[in-house]
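Values below: every heavy atom of this structure, side chains too, minus hydrogens, waters and symmetry copies. Keep in mind the model is a prediction, meaning the values are calculated, not measured.
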Amino acid sequence: MCAKIFYAGTEEEVLHHARPLMDHFEIEIVPPERLGRVATGQDLAIFFSEHFQRFRTAIGELKEKGCRTLYAIDGILEWRNAFENRQDEPACPWTMRPVLSDKVATIGRSQARMLAYWGNREKVELIGLPRLDSLVGECFGPDRNPSGGGASPESRRKKRVLVTTAKWPAFTEDQFQKVASSLSDLKELFLEKKESVEVVWRLTGGLDEFLEVENNLGSLDGGELVDMLGECDALITTPSTSMLEGMLLDLPTAVLEYNDCPQLTGSAWQIRDRQQMHQVIDELFSPPDRKMAQQEYFLHDNLECRTPAVERLKFLVEQMLSHEAGRAPEQLVSVESPLSSAAIGYEFLFNGHQLIESGEELEWKAQIANLQRELAMVRERNELLEREFGRAQSTIENVFNNPVISPFIKAGELAGRVLGRNTNSG
């Protein structure tokens with residue numbers, strides 16, 4: 001029986017992820033809830049996410065059957081998403097710490113190093129981002145000489161900047177307020193420059209309504225973003241994969257981040273507070289060569305893009321299918337963490353969650369920690385329900401004891417008993 005390749009998710013979720021591989025393999029898109037029933041030990045299942053329990057449960061079921069599993073990451077790593085979520089966040093708060101799948105296809109060297117540091121050294125494979133291959137082919141040649149300066153003609157009077165936010169611009173209320181504050185400051189500055197700068201807003205999470213600006217967001221599958229970037233001279237974005245697309249198109253790209261947290265994806269320009277805005281924006285429209293050269297360095301550290309990523313992903317899939325079920329191939333490209341695994345105290349990976357003391361592998365500790373977290377959330381919900389039930393019970397008792405209402409209730413009960421007796425006797 002021939003091995004099958006599945007992509008886990010709905011068609012809406014994963015078609016744009018799976019499409020680059022569909023020219024090379026027959027791929028079936030299946031919701032993760034069904035994968036355990038249709039996949040066998042000969043097959044390969046590819047995941048675009050391990051964040052939510054429906055994916056994590058499916059991976060566990062598939063691995064029990066010996067089915068090969070691959071996590072093909074489709075975006076950058078971001079500190080707030082990794083370490084600063086809400087306590088009741090529906091996604092697993094330690095996703096990728098560690099990766100549950102047999103292998104993880106990373107988009108670039110910096111991401112590969114970080115995931116190796118997070119306990120995934122043997123699973124990491126350096127692939128790139130296949131859905132950006134068209135940009136690699138069109139915009140990146142062997143003689144590329146980064147110069148910046150934008151896509152618009154020099155004769156155009158105004159410079160045009162695209163301001164965009166990530167699909168999830170924030171993960172807590174405090175983070176949202178800081179993102180909103182940063183965009184408000186940006187809007188105010190651009191009002192001062194309205195004679196020389198045209199702003200294109202592409203905002204998520206209702207931020208366009210908050211700012212009262214025209215929003216140019218139509219789709220999040222990436223196609224329209226590339227078209228917009230082609231008409232702009234610079235990009236300002238909150239931490240998101242769009243920064244890589246801007247860099248690929250040789251646009252001076254700045255990351256807007258008021259939240260005081262480490263940046264896991266490097267950039268030549270950052271706006272961390274209001275005071276930096278004027279200088280950064282001036283430089284974006286007239287970028288120094290040294291900054292563009294540094295942006296080129298960050299591009300290649302963030303994204304493996306010398307050659308099309310789909311060829312590397314295709315080779316990895318073939319290698320995984322050719323190996324014995326339940327065994328992943330040896331690492332195709334060696335990627336070392338800057339620190340040895342022995343130097344890591346893994347407790348920090350789990351956002352302060354108390355790990356059990358055992359000799360189990362890190363992946364099992366992650367699964368157990370997830371079960372403990374779910375149990376704590378269930379207990380918290382039960383306590384809330386008990387408090388609500390107690391309040392309801394107290395309200396009912398107060399009504400029964402009310403001197404005005406109580407006689408009517410008792411009369412109603414008496415009438416009910418009388419009617420019941422009459423019915424029985426009839």
Any residue meeting side chain to side chain donor-acceptor pair (under 3.5 Å) with Gln177, in chain and number order, not counting sequence neighbours: Glu173
Does any N or O in the side chain of Gln42 come within less than 3.5 Å of the main-chain N or O of Cys67, such that one atom is a donor and the other an acceptor? no
Kindly give the heavy-atom pair with the smallest separation between Thr241 and Ile76, and that separation in Å. OG1-N, 3.5 Å
Between the main-chain N or O of Ile107 and the side-chain N or O of Gln111, is there a donor-acceptor pair closer than 3.5 Å? yes
Does Leu15 reach the side chain of Tyr7, with side-chain heavy atoms less than 4.5 Å apart? no
Kindly write out the residues that satisfy side-chain contact (heavy atoms from CB on, under 4.5 Å) with Asp185, not counting sequence neighbours, or none if the list is empty. Ser181, Tyr258, Arg274, Met277
Would you please say whether a donor-acceptor pair under 3.5 Å links the side chains of Thr307 and Arg312? yes
Which residues share a ring-ring contact (aromatic ring centres under 6.0 Å, His included) with His17, sequence neighbours left out: Phe48
Mind running side chain to side chain contact (heavy atoms under 4.5 Å, CB included) on Lys187 and Val213 for me, showing each step along the way? CA-CA 9 Å; Lys187 178 185 175 183; Val213 297; 4.0 Å; yes
State which residues pass salt bridge (charged side-chain N to carboxylate O under 4.0 Å, His left out) with Lys178; sequence neighbours excluded, sorted by chain then number. Asp174
Could you walk me through whether Phe47 and Thr69 pass the side chain to side chain contact (heavy atoms under 4.5 Å, CB included) test, one step at a time? CA-CA 8 Å; Phe47 291 80; Thr69 52; 4.2 Å; yes
Test salt bridge (charged side-chain N to carboxylate O under 4.0 Å, His left out) on Glu231 and Arg202 and set out the steps. CA-CA 14 Å; Glu231 298 296 324; Arg202 184 177 183 270; over 6 Å; no
Answer yes or no: is there a side-chain heavy-atom contact under 4.5 Å between Leu189 and Ile281? yes
Contact check, side chains of Glu125 and Met320, non-hydrogen atoms, under 4.5 Å: no
Identify, with sequence neighbours excluded, every residue that meets salt bridge (charged side-chain N to carboxylate O under 4.0 Å, His left out) alongside Glu33. none
Within the structure provided, determine whether Met96 and Leu77 are in side-chain contact (heavy-atom separation under 4.5 Å). yes
Taking ring-ring contact (aromatic ring centres under 6.0 Å, His included) as the definition, give me every residue that meets it alongside Trp79, ordered by chain and number, with sequence neighbours left out. Phe83
Listed partners of Lys291 passing salt bridge (charged side-chain N to carboxylate O under 4.0 Å, His left out), at least two apart: Glu283
Please step through side chain to side chain contact (heavy atoms under 4.5 Å, CB included) for the pair Lys314 and Gln319, ending with a clear verdict. CA-CA 9 Å; Lys314 175 176 174 286; Gln319 289 293 304; over 6 Å; no
Between CG on residue Leu132 and SG on residue Cys305, distance to nearest 0.5 Å: 9.0 Å
Between Lys63 and Asp102, which heavy-atom pair has the shortest distance, and what is it? CE-OD1, 3.5 Å
Enumerate the salt bridge (charged side-chain N to carboxylate O under 4.0 Å, His left out) contacts for residues 206-218, please, sequence neighbours excluded, ordered by first and then second residue. none
Taken to the nearest 0.5 Å, the spacing of Arg97 CZ from Met114 CE works out to 10.5 Å
Evaluate the side-chain proximity of Leu207 to Leu183: yes if any heavy-atom separation is below 4.5 Å, no if none is. yes
Which pair of non-hydrogen atoms, one from Leu225 and one from Ser242, has the smallest distance, and what is that distance? CD2-CB, 3.5 Å
Any side-chain to backbone donor/acceptor pair from Gln270 onto Arg272? Under 3.5 Å, distance only. no
Please determine if Glu13 and Arg54 form a salt bridge, counting it only when a charged side-chain N lies under 4.0 Å from a carboxylate O. yes
Given the rule in the salt bridge (charged side-chain N to carboxylate O under 4.0 Å, His left out) test, do Glu198 and Lys158 qualify, once you have shown the distances and angles that lead to the verdict? CA-CA 6 Å; Glu198 178 185 352; Lys158 287 188 177 184; over 6 Å; no
Does Tyr71 offer a backbone N or O that forms a donor-acceptor pair with the side chain of Lys103 under 3.5 Å? no
Would you check if Val163 and Thr237 make a side-chain contact, meaning some heavy-atom pair closer than 4.5 Å? no
Nearest non-hydrogen partners of Phe52 and Ala91, listed with the distance: CE2-CB, 3.7 Å
Under the side chain to side chain contact (heavy atoms under 4.5 Å, CB included) criterion, do Leu70 and Leu313 qualify, and how do the steps go? CA-CA 10 Å; Leu70 170 63; Leu313 183 57; 4.0 Å; yes
Using side-chain contact (heavy atoms from CB on, under 4.5 Å) as the criterion, list what pairs up with Ser110, not counting sequence neighbours. Arg113, Asp301, Asn302
For the backbone of Gln175 and the side chain of Thr172, can you confirm whether one donor and one acceptor N or O come within less than 3.5 Å of each other? yes
Identify, with sequence neighbours excluded, every residue that meets salt bridge (charged side-chain N to carboxylate O under 4.0 Å, His left out) alongside Glu311. none
Where do Trp269 and Met292 come nearest, in terms of heavy atoms and distance? CH2-SD, 3.8 Å
Quick one: pull up CH2 in Trp201 and CG in Leu217 and give me the separation to the nearest 0.5 Å. 14.0 Å
Quick one: salt bridge (charged side-chain N to carboxylate O under 4.0 Å, His left out) pairs with a partner in residues 14-30, sequence neighbours left out? none
Drop me the distance from Leu135's CG to Asp250's CG, to the nearest 0.5 angstrom. 12.0 Å
Just by distance, do the side chain of Ser240 and the backbone of Thr165 share a donor-acceptor pair under 3.5 Å? no
Could you give the distance from CG (Leu229) to CE (Met247), rounded to the nearest 0.5 Å? 12.0 Å
Does Val200 offer a backbone N or O that forms a donor-acceptor pair with the side chain of Asn216 under 3.5 Å? no
For Thr95, what residues pass the side-chain contact (heavy atoms from CB on, under 4.5 Å) criterion, not counting sequence neighbours? Glu50, His51, Arg56, Cys92
Does Thr10 reach the side chain of Ile29, with side-chain heavy atoms less than 4.5 Å apart? no
Of all heavy-atom pairs linking Leu256 and Ser182, the shortest is CD2-OG, 3.5 Å
Any salt bridge linking Arg68 with Asp43? Criterion: basic side-chain nitrogen under 4.0 Å from a carboxylate oxygen. no
Looking at Phe285, is its backbone amide N or carbonyl O close enough to the side chain of Asp282 to form a donor-acceptor pair, meaning the two atoms are under 3.5 Å apart? no
Hey, are the side chains of Phe190 and Val161 touching, using non-hydrogen atoms and a 4.5 Å cut-off? yes
CE/Met22 to CD1/Ile5 distance, rounded to the nearest 0.5 angstrom? 10.5 Å
